[in-house]
Amino acid sequence: MTSALELPPAVTARAPAKVNLELGVGPRRDDGYHDLATVYQAVGLHDDVTAAPADEWGCTVTGRDAGSVPTDEGNLALVAARLLAERSGARQPVHLSIHKQIPVAGGMAGGSADAAAALVACQELWSVAMERDELDRLAAEVGSDVPFLLHGGTAVGSGRGELVTPVLAQGTYHWVFVPVPGEGLSTPEVYAAFDARHEGRRVSEPTPGAEVMSAVRSGDPSALAAALSNDLQPDAVALQPRIGEIIGAALEFGALAAIVSGSGPTVAALASGQEAAIDLAVSLTASGAAEDVLRATGPVHGAQVLPTPRLT
Ligand code: C5P
């Protein structure tokens with residue numbers, strides 16, 4: 001039995017954001033979720049979560065949009081850490097220090113990234129040896145995107161998104177993400193708008209498109225641009241019309257394609273390469289079309305422990 005004194009003082013793990021290259025949404029299921037056929041890509045915007053032994057459970061949040069993140073029982077990183085403690089028998093409470101780079105409520109799975117990072121950090125802190133499948137199942141209990149953020153890379157998501165199958169992908173893709181100013185969008189609200197739009201019509205089961213798969217295999221950004229799709233986009237745009245304007249501006253300034261990331265409202269614009277991404281980012285901000293842009297490449301790896309804990 002390891003005594004508390006022998007535990008490392010703190011462990012930091014880093015998890016990426018995601019963009020859905022394709023988001024096919026099926027009918028609403030009896031449990032309220034929707035079956036998905038999605039292709040995830042992990043991108044190089046990261047949140048860091050530092051887990052330190054503490055007398056009681058808690059968390060603090062710093063960085064981008066920190067004020068909008070709950071620090072109570074509902075915080076997804078805390079939910080994940082407590083669930084891992086319960087399942088693994090680890091008794092030591094932790095304080096989680098979350099440092100955010102990923103926009104909050106932006107459709108890039110920031111909360112799920114925090115949960116994935118918390119799982120990886122606490123697993124290391126408590127020396128929990130858990131089979132990958134078991135950790136994936138636990139992650140899925142926290143949120144549909146959490147298993148993918150443990151894996152990273154490019155992957156097909158099925159079920160409600162929690163069943164992850166890696167995809168062989170080539171190349172590096174250059175993205176410009178435009179967070180839409182304001183409140184963000186609530187994922188359930190966007191799915192509810194999708195349901196309302198399809199009221200009285202049959203929604204067919206989604207199937208992963210061959211086009212996206214062959215595009216990511218080719219490594220050609222133009223092929224990927226032509227294949228990007230998101231069934232939730234009309235709903236996100238209807239809820240926040242500013243998204244449509246930003247998509248228009250991104251296309252006007254040379255993006256190969258621009259779509260809503262996940263349930264939005266962040267706009268994901270794909271550029272042909274690094275220089276094009278820099279030009280696009282500059283044009284979007286200099287013209288006033290965007291207040292803020294974030295550049296990132298994908299795919300990147302999933303949640304992992306950093307060699308030294310982050311000093312917060
Ligand atoms: O799984 P997660 O907690 O991230 O999902 C948040 C909400 O998004 C769900 O409560 C549900 O309203 C909606 N959702 C959905 N179908 C999915 C994933 C999420 O309806 N496949």
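All ligand and atom numbering here is 1-based and tracks the order in the structure.
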Glu245 and Arg242 ion-paired at < 4.0 Å:
yes
Under 4.5 Å between side-chain heavy atoms, chaining through other members, with only Ile, Leu, Val, Met, Phe, Trp and Tyr counted: pull out the rest of the cluster around Val282, sorted by chain and number.
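In the cluster with Val282 are Ile278.
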How would you list, by chain and number, every residue that makes a salt bridge (charged side-chain N to carboxylate O under 4.0 Å, His left out) with Glu73, sequence neighbours excluded?
Arg82
Quick one: salt bridge (charged side-chain N to carboxylate O under 4.0 Å, His left out) partners of Arg87, sequence neighbours excluded?
Glu141
Listing by chain and number, which residues have a heavy atom under 4.0 Å from ligand 1?
Gly32, Tyr33, His34, Leu36, Gly143, Ser144, Arg160, Thr187, Pro188, Tyr191
Parallel, tilted or perpendicular: ring planes of His198 versus Phe194, cut at 30 and 60 degrees:
tilted
Angle class for the His34/Tyr191 ring planes (parallel below 30°, perpendicular above 60°, tilted otherwise)?
parallel
